[in-house]
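Structure incoming, see below.
Since the structure is predicted, the reported quantities are computational estimates derived from the model, not experimental observations.
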Amino acid sequence: MTAKLGLIGAGMINTQIAHLATRVGINVMLSNTRGPESLQDLVDELGPHAQAGTIADAAAFSDLVSVSIPFGAYASLPADALARKIVIDTMNYYPGRDGDFPEVAERTITTSELLQQHLPDANVVKALHNLDALHLLNGARPDNRQNRWALPVAGDDQTAKNRVIELLDQIGYDGVDCGTLADSWRIEADTPIYVNPYVGPTPDGLTLDEQIDWYATDTAAVVTRADVERMAAEATRKAPAGGRPTSLHRAWTGYLARLHS
């Protein structure tokens, strides 16, 4: 059982992972590039299982570290501090945000393989990357093993993958082994498993604002282990790679626009 989790990056995904972890008694150390004082409000919100530190502090806090920063900044991650760590890679490549990565765009290498090259002494595991932040938080079912959503996991080290699958189980998801980092193109952004399968049917007749309100609490979808295996198998290695707003649910992009207005 995971007792501690370090988090590098405190945007929407790692914030929700911190919420899920602290709810089940996992101690977390949050960090970002702005310093621990910028995270105090979030720490207060999360409660006694949370604290903030520097990026080096978060890397040292546990042997399990969740990394959630824009993919374009992956080379800024401290390789020495993350040596011998299990690094959960939640990052996705968005060309409009992250810039030009020709090998990734042409699908000759996966984003997680690039991260593993940058962190040669860590064990990188791709996970917790294919849900939007709202569904990641709302879809977790730590006390209900019968109707859980299944999430894909990929990595080269089986022991590291098993540790991440155990963490997913603690916070309320079924982890499905989808192969190696070289295989992880099957579960990257803009593949069948990305975001949309976890969104329930949109009710008819809603305005965009009403869709956004519905989306913020939606947990109606059913995504089983068999569904994850099927979607990974159905993925095609088409180029260019990378997530695009047009591939995401209209209500999610509307929610982001509302959040930043």
Side-chain angles (χ1 to χ4, degrees), residues 1-31 42 46-51 53 55 57-69 77 81-92 112 115-116 119 122-181 184 187 193 198 223-225 228-229 232:
M1 299 288 282
T2 299
K4 297 195 298 183
L5 177 66
L7 299 111
I8 296 177
M12 296 180 75
I13 296 300
N14 258 358
T15 292
Q16 306 298 46
I17 292 171
H19 276 286
L20 295 175
T22 54
R23 284 180 184 178
V24 296
I26 298 172
N27 295 307
V28 303
M29 169 80 77
L30 294 138
S31 67
L42 177 57
L46 291 167
H49 290 292
Q51 57 186 300
I55 290 173
D57 292 334
F61 184 68
S62 173
D63 66 338
L64 198 59
V65 181
S66 174
V67 170
S68 189
I69 63 175
L77 293 166
L82 291 169
R84 298 174 297 282
K85 304 293 183 178
I86 298 171
V87 174
I88 303 172
D89 174 18
T90 77
M91 297 182 289
N92 291 295
S112 293
L115 180 61
Q116 183 67 81
L119 304 176
N123 286 313
V124 172
V125 179
K126 187 77 169 180
L128 291 168
H129 65 288
N130 68 310
L131 293 175
D132 65 73
L134 294 173
H135 285 82
L136 175 60
L137 181 67
N138 296 331
R141 294 160 186 158
D143 300 319
N144 183 354
R145 296 176 181 273
Q146 300 302 312
N147 298 298
R148 283 182 169 182
W149 285 349
L151 301 181
V153 176
D156 293 340
D157 184 274
Q158 192 62 51
T159 299
K161 277 194 288 192
N162 290 344
R163 281 289 311 282
V164 174
I165 289 171
E166 288 172 3
L167 172 65
L168 294 186
D169 178 59
Q170 279 181 262
I171 65 175
Y173 289 103
D174 284 341
V176 180
D177 190 336
C178 289
T180 66
L181 296 180
S184 66
I187 60 173
I193 206 165
Y198 300 88
V223 184
T224 66
R225 299 180 65 87
V228 169
E229 291 167 353

- Task: Could you check if a side-chain atom of D177 sits within less than 4.5 angstrom of a side-chain atom of Q158, using non-hydrogen atoms only?
- Result: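 Answer yes - side chains close enough.
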- Query: Just one of L64, L168, N14 clears the side-chain contact (heavy atoms from CB on, under 4.5 Å) bar with I88, so which one?
  - Reply: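 Only match with I88 under side-chain contact (heavy atoms from CB on, under 4.5 Å): L64.
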- Message: Looking at A154, is its backbone amide N or carbonyl O close enough to the side chain of K161 to form a donor-acceptor pair, meaning the two atoms are under 3.5 Å apart?
- Response: no
- Note on the structure: Sequence neighbours excluded, the answer for side chain to side chain donor-acceptor pair (under 3.5 Å) partners of T90 is S68
- Message: With side-chain hydrogen bond (donor to acceptor under 3.5 Å, both in side chains) as the test, pick out the partner of D89 among S112, S184, S66.
- Response: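 In the set S112, S184, S66, the residue that makes a side-chain hydrogen bond (donor to acceptor under 3.5 Å, both in side chains) with D89 is S112.
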- Message: Just so I know, are the side chains of I165 and V125 near enough to count as touching, which here means a heavy-atom distance under 4.5 Å?
- Response: no
- Message: Just verifying a value: how many Å separate M91 CE and I69 CD1, rounded to the nearest 0.5 Å?
- Response: 5.5 Å
- Message: Give me the atom names and distance for the closest heavy-atom approach of A127 to V164.
- Response: CB-CG1, 3.8 Å
- Message: Any non-hydrogen side-chain atom of K126 less than 4.5 Å from a side-chain atom of P152?
- Response: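 Of all side-chain heavy-atom pairs linking P152 with K126, none is under 4.5 Å.
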- Hey, are the side chains of L46 and L30 touching, using non-hydrogen atoms and a 4.5 Å cut-off?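 They are in contact (side-chain heavy atoms under 4.5 Å apart), so the answer is yes.
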- Query: Heavy atoms, side chains only, cut-off 4.5 Å: are L42 and H19 in contact?
  - Reply: yes
- Inter-residue atom distance L167.CG - I17.CD1, 0.5 Å rounding: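 Between atom CG of L167 and atom CD1 of I17 there are 8.0 Å.
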- Query: Shortest non-hydrogen contact from V87 to A122?
  - Reply: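 Nearest pair, atom of V87 first, then A122: CG2-CB, 3.9 Å.
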- Nearest non-hydrogen partners of V65 and A58, listed with the distance: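 Result for this residue pair: CG2-O, 4.1 Å.
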- Hey, are the side chains of L137 and R23 touching, using non-hydrogen atoms and a 4.5 Å cut-off?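 They are in side-chain contact.
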- Pairs satisfying ring-ring contact (aromatic ring centres under 6.0 Å, His included), at least one member in residues 147-168, at least two apart: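 Residue pairs passing ring-ring contact (aromatic ring centres under 6.0 Å, His included), neighbours aside: W149-Y198.
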- Side-chain contact test, heavy atoms from C-beta onward, threshold under 4.5 Å: evaluate it for V228 versus L151 and give yes or no.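 V228 vs L151: side chains apart.
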- Does a side-chain N-to-carboxylate-O contact under 4.0 Å join D169 and R145? yes
- Query: So which heavy atom on H129 is nearest to which on N92, and how close?
  - Reply: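 Heavy atoms of H129 and N92 come nearest at O-ND2, 2.8 Å.
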- Task: Report yes or no: does R148 contribute a side-chain atom to a donor-acceptor pair with the main-chain N or O of R141 at less than 3.5 Å?
- Result: yes
- Check whether any side-chain N or O of T15 sits under 3.5 Å from a backbone N or O of A10 as a donor-acceptor pair, and report yes or no.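 Pair found, side chain donor or acceptor close to backbone of A10.
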- Query: Hey, is the main chain of V124 close enough, under 3.5 Å, to the side chain of Q116 for a donor-acceptor pair?
  - Reply: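 It does hold such a pair.
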Run the side-chain donor-acceptor check on residues 2-9: report pairs under 3.5 Å with partners two or more places apart or on a different chain.
from: T2; atom 1: OG1; to: Q170; atom 2: OE1; distance (Å): 3.4
from: K4; atom 1: NZ; to: F61; atom 2: O; distance (Å): 3.0

- Task: Could you walk me through whether L77 and L115 pass the side-chain contact (heavy atoms from CB on, under 4.5 Å) test, one step at a time?
- Result: CA-CA 9 Å; L77 293 166; L115 180 61; 3.7 Å; yes
- Before giving the answer on side-chain contact (heavy atoms from CB on, under 4.5 Å), spell out for D63 and R163 the whole-Å C-alpha distance, their side-chain angles and the decisive distance to 0.1 Å. CA-CA 10 Å; D63 66 338; R163 281 289 311 282; 2.8 Å; yes
